Amino acid sequence: MSERIEELEDRTRFEPPEVEPQIIERWLASGLFHPEPDGEASENYSIAIPPPNVTGSLHMGHALNGSVQDTLIRYNRMRGLRTKWIFGTDHAGIATQAQVEKALLAEGINRHELGREAFVERVWEWRAHYGGTIVEQFKRLGASCDYSEERFTLDEGYARAVMQVFVNLYEKGWIYRDRYIVNWDPGSRSAISDLEVEERRETDTLYSIRYDVEGGGSVTIATVRPETMLGDTAVAVHPDDERYRSLVGREAILPLVGRHLQIIADDYVKMDFGTGQLKVTPAHDPNDFEIGTRHELDQVSVIGEDGRMTAEAGERFAGLTVMEAREAVVAELEREGRIVAREEYEHEVPYSHRSGQRIEPLISLQWFMNMDELARPAVAAVREGRVRILPESQRRVYLDWMENIRPWCISRQLWWGHRLPVYYCETCGHVNVALSAPDACGECGGHLRQEEDVLDTWFSSALWPFATLGWPRDTPELKAFYPTNVLSTARDILFLWVARMIMMGIELTGEVPFSDVYIHSVIQAPDGRRMSKSLGTGIDPLQEIDRHGADAVRFGLLAMSSAQDVRYSAEKIQQGQALANKLFNAVRFALLRIDASLGSERAQAIEPSPSPSTVEDRWILSRLTRALADTAARIEQYDFSHAALGLYDFVYGELCDWYLEIVKQRLPDLAEAGSEDDGRQELAATLLYVLRETVAMAHPLIPFVTEELWRYLDDTGKLLVGSAYPSARENLVDPRAEAELARTIEAVTLVRGWRDSVGARAGQFVAARLCADGYELTAPLLGRLARLRLLSEDEQSQALDAVDTSPANNGDALLTHGGEASAAPAVVASIPIPGGTVEVLSGEGLDLGAAERRREATKQKLLAEIERVQAKLERPGFVEKAPAAVVEGERERLRRLRTEMEVL
RNA sequence: GGACGCGUAGCUCAGUGGGAGAGCGCUCGCUUCACACGCGAGAGGUCGCAGGUUCGAAACCCGCCGCGUCCACCA
């Protein structure tokens, strides 16, 4: 026995921790993850990874998306395409800055003491220290990214691309600066975009407050935020509201402040809500801001960027937090008797997705990007199918959002990020926008000061598929790998990222950045809640890899994923682990046997016959061929759960449970029978062929165990990751062999069931006679697998002659007491199988009474079934209207059921 | 308020017009010479409810109930 195969003797289990690190090393050393840029993108295959946060760590979302992408990448690489998985990390402005700030705070330093330059320096150090973590974690998953060209959204080249885009779009007039009401996040002390705001349902108190009207009378307004009244600059009613027509044009007096407020008419006001009178606070409510713009109202900012009341709120309130101010304002209004009512009120409250703090809408000078012109071609691309969004339902979501797109606030009051290439002249105030810092103002030659703000992280992410390949330079990488083939992600960043990549890709490169968008499940905690660190519901994929192996985690995640959100299923991971171990043992078993019998090297040299002499060999080749076709089709259709589960079914349900069980009997015999060399070679050749194809087919899904097995299955020393993906050979499909084995499998199962019910011991061979058609080729298999000692042909024909086949005896119960046929053994039981029966000839040690009870149950089931099929066939219209094939099928079924019934 | 999705075995989920399935769990039996992370056999389901279309509905249509997600400027 060869030494290499001998190693397998003691490895009765697949142990991921022992092999995964070495395999990763071999893959990385092979250079196969890095394709030389060559050819056109249309003939190559590429995916740009959603760049993980540079200081982040691998979570379930990464693990699933990594498994999805790696499956596609490995599949296409094995198909022989030049394949690149573009890899890198995102600087993740707010998230990273917050992390570093927190660490500094622990040292007792805040960033302002440090200053901008030193702070940014610290973030780079932080990145150098923690930036490698997630990269190593992707490797552990087996992700075959091109690590040799890792990109970072703040790298020099990348930054040039970002600046270029800003300047281009500024010159087009789409990027502009404006004082506008924004979502202010007091947590990160920055404006954030609409998409980074999440609404939470909360119950607050809705206060009704009476404002006096100049010259007599009053209005009553309702608010959940009494503190903002300090910034009121008008009261509004609906223009059609008869009740208040006379109020319009008069003035109300703002309590506590004394400011005179115009009473205006505006369509926005709902007549049927509350009193139909609305306080207008342009500086702290997006709707009121719009009203204010329409009516040219003053904007009084009473809440500052620090989340505290400003001086404009008045001496009594300045410096208080918003919540403190609310209490104080209510108390004062109460004292003045102006609170008319308070009631519980449930509504949506905006929170920052980033910091978790309540959003404070306020007016701020920010940079915006008008999206109208960018959106139009991006809508068309999806409408026309140049970008496919899968599943289909997400297409509508995309289109709805894109068709109602609003300007994007792109400036952030942070230090970590791409600083805007905007230079204000300190002399004339002219705004200079340029790729690199000009020496002096273009207008007056005055001294320049660069904008403090940085760009929203997603601005740079939007350029990811092409900026990573060298854009705006015309590089071979860009030519070879852009546009990419598919973008895989979860739903949550469809607008935040995917939509913006499509817009920017079309605008800047003239091409869509990818042709498919695959939106995968969000994995929820087992209890259905969101997986999150703060809830404590997160499950660490690395721990799962440690416990079960990377293959198990990949398989499990793919198997549980679908078009909708799914709960994390530990069982599916377990199933993956079982599969890896099963496959490992199947190969181990076969190789040890083959090697012992004729040496695996020799066996490998044998070309498998496309039409082997045994029916089980023809059967497994046929089933394998179907599995190959199904698996490839499912991967190409992004149907990963069925690809994974289908693989499992083939390996367990066909390869191991049946084929190996059948041929395991043949292997030791062959080892001894030197004269039957042909049969031995043929079996070894088929077995090896099937195992090699199966292992190769499974590689994209479970790369580690398959790569490990390839060492033993392939003598060339070539890595499986760089080998060819097996293709389905149609000439191996053999429907007759499939039918024969299907029948035999059913028969074996039925006999086993019978054996179980009569308490036959596992190893006990029961004497029997096969009285059924369709087992000409498989009778010996049936005997071995069902542990029947079948009479030889001679004995059988003798016995058949001897059996009384008269109708009187046929319909009788199971016990056919011999007597009339003394030459043949008595039949003690009949087991119905497809095409006939197995006649049991010895009841020794069997509890035939138990079998009788079982038979009764089966009979009842059969009767019910027969009745149903009969009713169906007799139903008016069925025979006339149903397709002929269906009718015939039902008739055939009825015949079969009746035959079975007769046997019983 | 709008949109989308889901409700199938104890649990997690497949199944989209013609015999209710898988994994796990449960019961029974097996150290059957690859695997006890194994093997064999079983039990378990008014397919959320109510109508409709159809010869035929878990599947298609309508309504209701329950759950979830996304979008949205009613104080």
Side-chain angles (χ1 to χ4, degrees), chain A residues 8 11-14 194 199 206 221-225 228 236 268-270 272-281 285-291 345 347-348 361 391 393-394 396-397 400-401 404 491-492 494-495 522 524 526 528 548 552 556 559-560 562-572 574-575 577-593 641-642 645 648-649 652-653 656-657 660-661 664 667-668 748-749 752-757 759-763 785 787 854 865 868-869 872 875-883 885-887 889-890 893 897:
Chain A
L8 283 171
R11 295 177 66 185
T12 59
R13 281 185 196 176
F14 175 60
D194 296 340
E199 306 285 335
L206 181 68
I221 56 87
T223 181
V224 288
R225 305 200 55 195
T228 63
Y268 170 77
V269 184
K270 302 279 178 295
D272 54 2
F273 189 92
T275 58
Q277 298 170 330
L278 175 71
K279 74 195 257 306
V280 182
T281 322
D285 183 285
N287 301 311
D288 293 6
F289 180 85
E290 298 293 341
I291 297 173
Y345 186 68
H347 65 144
E348 305 278 334
S393 61
Q394 295 300 314
R396 276 273 306 277
V397 177
D400 285 349
W401 186 76
N404 296 297
R491 264 193 336 266
D492 50 356
L494 181 62
F495 307 140
V522 173
Q524 301 169 331
H548 306 285
M560 69 183 94
S562 74
Q564 56 180 342
D565 292 356
V566 288
R567 298 177 181 207
Y568 185 77
S569 159
E571 289 78 15
K572 285 283 191 295
Q574 196 62 50
Q575 198 179 349
Q577 188 178 352
L579 175 64
N581 188 56
K582 191 76 174 177
L583 198 54
F584 182 83
N585 270 289
V587 172
R588 164 175 177 264
F589 166 67
L591 288 181
L592 286 171
R593 286 305 165 73
S641 67
H642 289 105
L645 293 170
Y648 179 93
D649 286 343
Y652 266 78
C656 292
D657 287 353
L660 286 184
E661 287 304 319
K664 80 166 32 163
L667 283 165
V748 169
T749 305
R752 281 173 177 168
W754 177 86
R755 290 176 60 101
D756 208 55
S757 69
R761 283 181 296 103
L785 295 170
R787 304 210 176 233
R854 178 188 144 95
E865 192 83 350
R868 252 194 2 192
V869 179
K872 191 170 186 175
R875 198 166 47 211
F878 176 70
V879 178
E880 294 83 61
K881 297 194 179 172
V886 172
V887 175
E890 292 296 321
R893 202 170 134 224
L897 290 168

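All figures in this text were calculated on a predicted structure; none of them were measured in a lab. Below, read A as the first sequence line, B as the second, and so on, with proteins coming before strands; counting in each chain starts at 1.
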Query raised in the report: Start at the 5' end of RNA chain B and walk down; is the nucleotide closest to Thr12(A) or to Leu278(A) reached first?
Result: Thr12(A)
**Report entry** Ser562(A) side-chain N/O to A14(B) phosphate OP1/OP2 under 4.0 Å
**Finding:** yes
**Report entry** d(CG, Asn404(A); P, G1(B)) in whole Å
**Finding:** 20 Å
**Report entry** Contact pattern, 5' to 3', of nucleotides 3-9 of chain B - B, S or - by protein heavy atom under 4.0 Å
**Finding:** SSSS---
Report task. Using modelled atom types only, decide if a donor and an acceptor are shared between the side chain of Arg588(A) and the backbone of Leu8(A) within a distance under 3.5 Å. Result -> yes
Requested in this report: For nucleotides 16-23 of chain B, just jot down a letter per nucleotide in 5' to 3' order: B, S or -, based on protein non-hydrogen atoms under 4.0 Å.
Outcome: --BBS--S
Report task. Quick one: pull up CG in Leu579(A) and CZ in Phe584(A) and give me the separation to the nearest 0.5 Å. Result -> 13.5 Å
Report task. Kindly compute the distance separating CG (Asn287(A)) from CG (Leu278(A)), expressed to the nearest 0.5 Å. Result -> 8.5 Å
Report summary line: Taken in chain and number order and not counting sequence neighbours, the residues that satisfy ring pair (Phe, Tyr, Trp, His ring centres under 6.0 Å) with Tyr345(A) are His347(A)
Report task. Check every strand shown and say whether Ser641(A) touches a base, only sugar-phosphate, or nothing at a heavy-atom separation below 4.0 Å. Result -> nothing
Report task. Check every strand shown and say whether Gly753(A) touches a base, only sugar-phosphate, or nothing at a heavy-atom separation below 4.0 Å. Result -> sugar-phosphate
Query raised in the report: With both distances kept under 3.5 Å, what pairs with G40(B), Watson-Crick or G-U wobble?
Result: C28(B)
Query raised in the report: So which nucleotide does A9(B) pair with, by the Watson-Crick or G-U wobble rule with both distances under 3.5 Å?
Result: none
Query - Nearest-nucleotide 5' precedence on RNA chain B, Arg752(A) against Ala590(A) - result: Ala590(A)
